Protein chains: 2
Amino acid sequence: MIHDDVTEPSYPELPPALRAAFEALPEDEVRARMEGFVALALQRLRAPAGSPVPPPIPARLIARAFEAPLPEQGQPIEAILADVAEHVMPHGRDKRSPTWFAQLDVPPTDYSVFSGLLIRALAQDPITFSSARSGTFVERQVLGWLTSLAFPDVPQAGGCFTSGGTQSNFQALLILRNEALRRAGADVNALGLVEALSRTGHRGMRVFASEASHPSIFAAVRQLGLGDAGLHRVPTDGQDRLCPIALEAALVEARRQGQLPAVVVLTAGSSGVGAVDPLREGMRLAHQHGALVHVDAAHGSLLLFSQRHRGLLDGLQGADTVTLDPHKVLGLNAQLGGLLVRDARLLTLLGKVSLDYFVTSEVSDLGEVTLDGSRALNSLGAWLLLRHFGRDGYGRLVDHLFALARDFTRRLKKSGCFELFPDTPTMNMLAFRLRPKAASETPEELARENARNDALLSRLMQSRKFAVSCYRHASGHLYLRAVFINPASRPEHMAALADALIQLAREAE
Amino acid sequence: MIHDDVTEPSYPELPPALRAAFEALPEDEVRARMEGFVALALQRLRAPAGSPVPPPIPARLIARAFEAPLPEQGQPIEAILADVAEHVMPHGRDKRSPTWFAQLDVPPTDYSVFSGLLIRALAQDPITFSSARSGTFVERQVLGWLTSLAFPDVPQAGGCFTSGGTQSNFQALLILRNEALRRAGADVNALGLVEALSRTGHRGMRVFASEASHPSIFAAVRQLGLGDAGLHRVPTDGQDRLCPIALEAALVEARRQGQLPAVVVLTAGSSGVGAVDPLREGMRLAHQHGALVHVDAAHGSLLLFSQRHRGLLDGLQGADTVTLDPHKVLGLNAQLGGLLVRDARLLTLLGKVSLDYFVTSEVSDLGEVTLDGSRALNSLGAWLLLRHFGRDGYGRLVDHLFALARDFTRRLKKSGCFELFPDTPTMNMLAFRLRPKAASETPEELARENARNDALLSRLMQSRKFAVSCYRHASGHLYLRAVFINPASRPEHMAALADALIQLAREAE
């Protein structure tokens with residue numbers, strides 16, 4: 001019984017390069033194919049460390065190498081790797097340089113780089129138990145470790161991994177939007193926002209977050225359908241910390257206007273200067289007015305490892321959701337954000353709909369509680385590093401970074417050339433600007449002061465010895481910003497950075 | 001002038017392992033440290049290919065190795081890698097086996113695995129030009145290539161990378177929710193959904209998607225605040241394709257109910273059986289009723305490379321947004337989803353709020369149009385593979401996969417043992433079940449038939465020679481599902497799979 005309604009299969013000729021790339025080859029051949037990649041990686045990883053500042057080549061010149069259309073025929077891998085060496089790598093900067101002070105992430109360890117190879121070779125996708133198998137337990141174990149640090153006394157706490165802090169903040173506010181409406185009596189996943197709010201008798205719902213919150217918070221409120229109108233930007237005190245009196249007034253006002261006070265967002269380690277909002281007071285006010293609490297500790301979560309400094313996070317356990325960022329904190333450089341929740345059941349409010357075509361199994365699938373679908377098992381890198389350094393090692397790493405910040409701060413203060421913000425660093429970072437020349441602060445004066453600091457930043461970067469960044473405060477002041485984030489940075493690097501800045505400041509007088 | 005209000009820095013002693021992991025070492029030492037990781041990766045990559053089915057070890061036994069609390073002190077890297085070898089790797093399965101037919105993603109090439117090392121070593125984060133530098137142009141070039149395939153005649157088309165198809169679908173519907181309201185006269189990013197809908201005079205807004213859409217579409221509608229009430233699940237025809245007559249009726253009904261017909265979602269390559277919705281007819285109806293169009297081509301986008309088969313996507317250029325999935329299609333196995341838009345300006349409707357502390361530069365930052373913040377430059381792997389295989393190589397790859405599906409289908413048909421769904425495969429996959437014994441279809445009969453197929457799947461998997469998956473159709477029928485996704489699969493593998501199934505089917509008579 002032959003059916004002829006299916007076309008005779010017509011196999012095309014496959015190019016040898018394509019065949020070879022998908023075949024399993026003998027070990028020595030695989031190793032030989034890997035060597036070109038290893039050699040390029042070593043160029044970046046080996047001593048001496050490269051410059052933390054990329055060479056000042058204009059963008060349009062860099063862009064020239066990347067303008068060809070998609071080639072019709074394949075090119076040899078050697079030629080492509082030669083292009084990586086010639087046109088990609090020379091324009092990077094070395095985040096692992098001990099004088100790289102520009103961003104919040106601990107630079108990647110060698111082991112994080114190597115684990116990138118292993119994670120892709122294993123290809124254990126955490127979305128389901130059937131595709132991840134042992135990877136499911138790797139991921140759960142790391143989540144358990146992080147949960148035990150953030151919620152040590154909360155047995156029902158849990159969490160999930162995300163693509164980064166931005167996604168964690170979005171997912172947290174999504175869950176809390178849904179939970180706030182659930183508590184008010186409406187299922188927003190079924191009804192939608194318009195009908196859910198109407199049923200609970202509210203004119204709208206509101207999220208409260210300080211002006212110094214990470215922009216991903218403001219974006220998430222928009223994406224969730226609440227709009228800027230659904231966000232109350234709470235003023236900060238003189239050190240970028242949320243002002244509790246202003247929060248209380250905002251909560252009272254929202255109720256008076258018939259708004260559901262849904263979520264108070266507190267920041268532990270602001271991206272600007274590492275400010276930590278008053279967690280206990282913020283939570284007390286939120287609870288008093290029936291609001292849920294999200295703590296964005298993407299940066300501040302590194303404090304959890306330090307016995308010396310974790311007191312700064314006192315009260316964290318009262319949060320409903322916490323963003324933390326393993327890829328910022330642990331010396332991974334790849335996509336691994338974290339979201340922890342005080343009650344693991346909250347994670348199911350995500351609105352996920354199951355995939356029928358996955359075989360269900362004896363273990364619940366991690367994909368049920370993540371925004372992402374298929375993912376890489378990036379948590380394997382965190383699992384490896386947390387075991388290799390231990391809680392104590394990361395604690396010392398944090399203490400070292402804090403000591404660097406204090407060391408640098410003392411040097412700048414001693415010079416008298418700079419105004420610091422805040423006057424004493426809260427965490428491992430400091431903002432500073434040239435001591436203003438004028439006592440008044442007209443818009444013209446402000447612009448002139450900002451231009452002086454902008455010029456200082458440019459001159460420092462031109463040396464290509466140090467990378468720092470800048471921070472524009474809500475007041476309009478432009479600060480330079482140094483983040484002490486590399487355990488390879490030493491007191492001598494603090495001295496060198498401070499000396500360079502002080503010399504440039506004196507030249508700028 | 002010494003200020004004593006800053007604590008004297010107190011540097012902790014850093015463990016040698018921690019110091020060593022962040023220092024740049026001489027090349028031979030870095031290479032030596034890498035070797036343990038390389039050896040494990042080679043175990044997975046070298047010939048012979050491993051089993052496509054993991055060993056049948058109960059989950060609770062696997063879990064035992066992952067129960068220790070976070071260690072206080074660090075452990076040697078050798079001990080940790082030994083645990084990877086003993087407790088992680090043996091439980092995986094080889095997605096690169098030529099008899100792995102379980103999922104939609106082209107298995108990772110060696111070069112994708114190796115590029116995982118390179119991407120992490122370079123650490124060029126695409127979020128800003130200043131952190132990505134040349135990486136910005138790598139990413140733009142790949143986006144340009146993909147855009148030229150999907151929108152060859154649309155100069156203003158553009159796109160961005162995401163963490164995967166699920167995020168692409170969410171971002172597409174987010175953008176289109178906002179655009180639909182913008183066209184109706186309201187800025188939802190400012191006002192929020194409740195007020196925006198009220199201003200446009202609509203009682204709600206509606207998304208239309210077929211019952212065979214990927215679950216991420218249904219989840220996105222909930223997450224965006226529209227609720228299940230804001231989703232019209234359009235019935236499908238006998239082959240899992242959206243039924244245009246039902247769509248038209250749904251659009252008319254929505255208007256009649258005072259709903260804004262916002263977005264019609266069409267699927268090109270359903271995750272169940274690779275069904276392609278009638279794109280031109282769906283778009284015509286959407287436009288006639290003022291709705292925008294999203295095409296989920298996460299799977300179907302591989303057709304774009306094939307001159308033989310790309311006609312199946314005729315009309316795609318009329319879409320406002322298109323999900324495609326480089327990590328499904330290109331033989332990458334890591335997080336790289338894509339979202340293409342017919343008008344690049346649509347990408348700015350995301351609701352992103354800029355980070356003031358990034359130095360702005362001469363080139364716009366890719367982070368302005370992505371949901372993610374910091375990311376890995378995973379597009380470098382796609383850049384490398386697209387150049388290595390060329391458009392023609394990927395086209396032949398697709399043609400090969402389609403030929404495999406037709407080859408397998410003919411063999412199953414010839415046996416007369418199976419009922420196929422659909423009767424002829426649309427793409428590179430096929431669903432099938434044992435020919436039902438009963439002519440009637442009572443619930444009891446259905447359950448009995450499903451149990452027979454479930455048992456068939458179990459017996460096939462027990463051999464550990466072939467991995468297939470299953471698909472539960474909306475009718476309740478349980479099908480086995482084979483996806484032909486590996487260019488290393490050959491006609492002899494089709495024969496082997498078909499023979500094994502036919503033998504099991506005859507034993508099950």
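Chain naming here is simple, since letters A, B, ... match the order of the sequence lines and numbering starts at 1 in each. These numbers were taken from a predicted model, which means no experiment stands behind them.
- If you measure heavy-atom distances from B:L18 to chain A, the contacts under 4.5 Å come from both the backbone and the side chain.
- Judged purely by atom type and a 3.5 angstrom limit, B:R96 uses its side chain to pair as donor or acceptor with the backbone of B:P108.
- Chosen from B:R31, B:Q75, B:H91, B:R46, the residue pairing most often with chain A at heavy-atom distances under 4.5 Å is B:Q75.
- Ranked by non-hydrogen atom pairs under 4.5 Å with chain A, the options B:N189, B:L118, B:V194 are led by B:N189.
- Contact of B:E67 with chain A is made through the backbone alone, with heavy-atom distances under 4.5 Å.
- Top candidate by heavy-atom pairs under 4.5 Å with chain A, chosen from B:E195, B:Q223, B:H87, B:Q124, is B:Q223.
- For a residue to count as touching a neighbouring chain, one of its non-hydrogen atoms must lie under 4.5 Å from one of that chain's; by this rule B:L149 touches chain A with the side chain only.
- There is no contact between B:P90 and chain A, counting heavy-atom distances below 4.5 Å.
- The contact between B:I77 and chain A is made by backbone and side chain atoms together, counting heavy-atom distances below 4.5 Å.
- Looking at B:T109, both its backbone and its side chain come within 4.5 Å of chain A, counting heavy atoms on both sides.
- Residues B:Q103 and B:K95 form a side-chain contact, since some pair of their non-hydrogen atoms from C-beta on lies under 4.5 Å apart.
- Heavy-atom distances place both the backbone and the side chain of B:S115 under 4.5 Å from chain A.
- Per-residue counts of heavy-atom pairs under 4.5 Å with chain B were compared for A:I80, A:I62, A:V30, A:L40; the largest is that of A:I80.
- Between A:F66 and B:F137, the ring planes lie parallel to each other; the angle is under 30°, not in the 30° to 60° tilted range.
- Neither the backbone nor the side chain of B:A196 comes within less than 4.5 Å of any heavy atom in chain A.
- Only the side chain of B:R44 comes within contact range of chain A, with at least one heavy atom under 4.5 Å from a heavy atom of that chain.
- Of the listed residues (A:L193, A:D392, A:T166, A:D105), the one with the most heavy-atom contacts under 4.5 Å to chain B is A:D392.
- Proximity to chain A (any heavy atom under 4.5 Å) is shown, for B:L386, by both the backbone and the side chain.
- Looking at B:S112, the atoms closer than 4.5 Å to chain A (heavy atoms on both sides) sit in the backbone and in the side chain alike.
- With a 4.5 Å cut-off on non-hydrogen atoms, A:E72 touches chain B through its backbone and its side chain both.
- Using a 4.5 Å cut-off between heavy atoms, B:R308 contacts chain A through its side chain alone, with no backbone atom that close.
- Note: A:L117 leads A:V38, A:L384, A:L117, A:N486 in heavy-atom pairs under 4.5 Å with chain B.
- In this structure, the portion of B:L81 lying under 4.5 Å from any heavy atom of chain A is its side chain and not its backbone.
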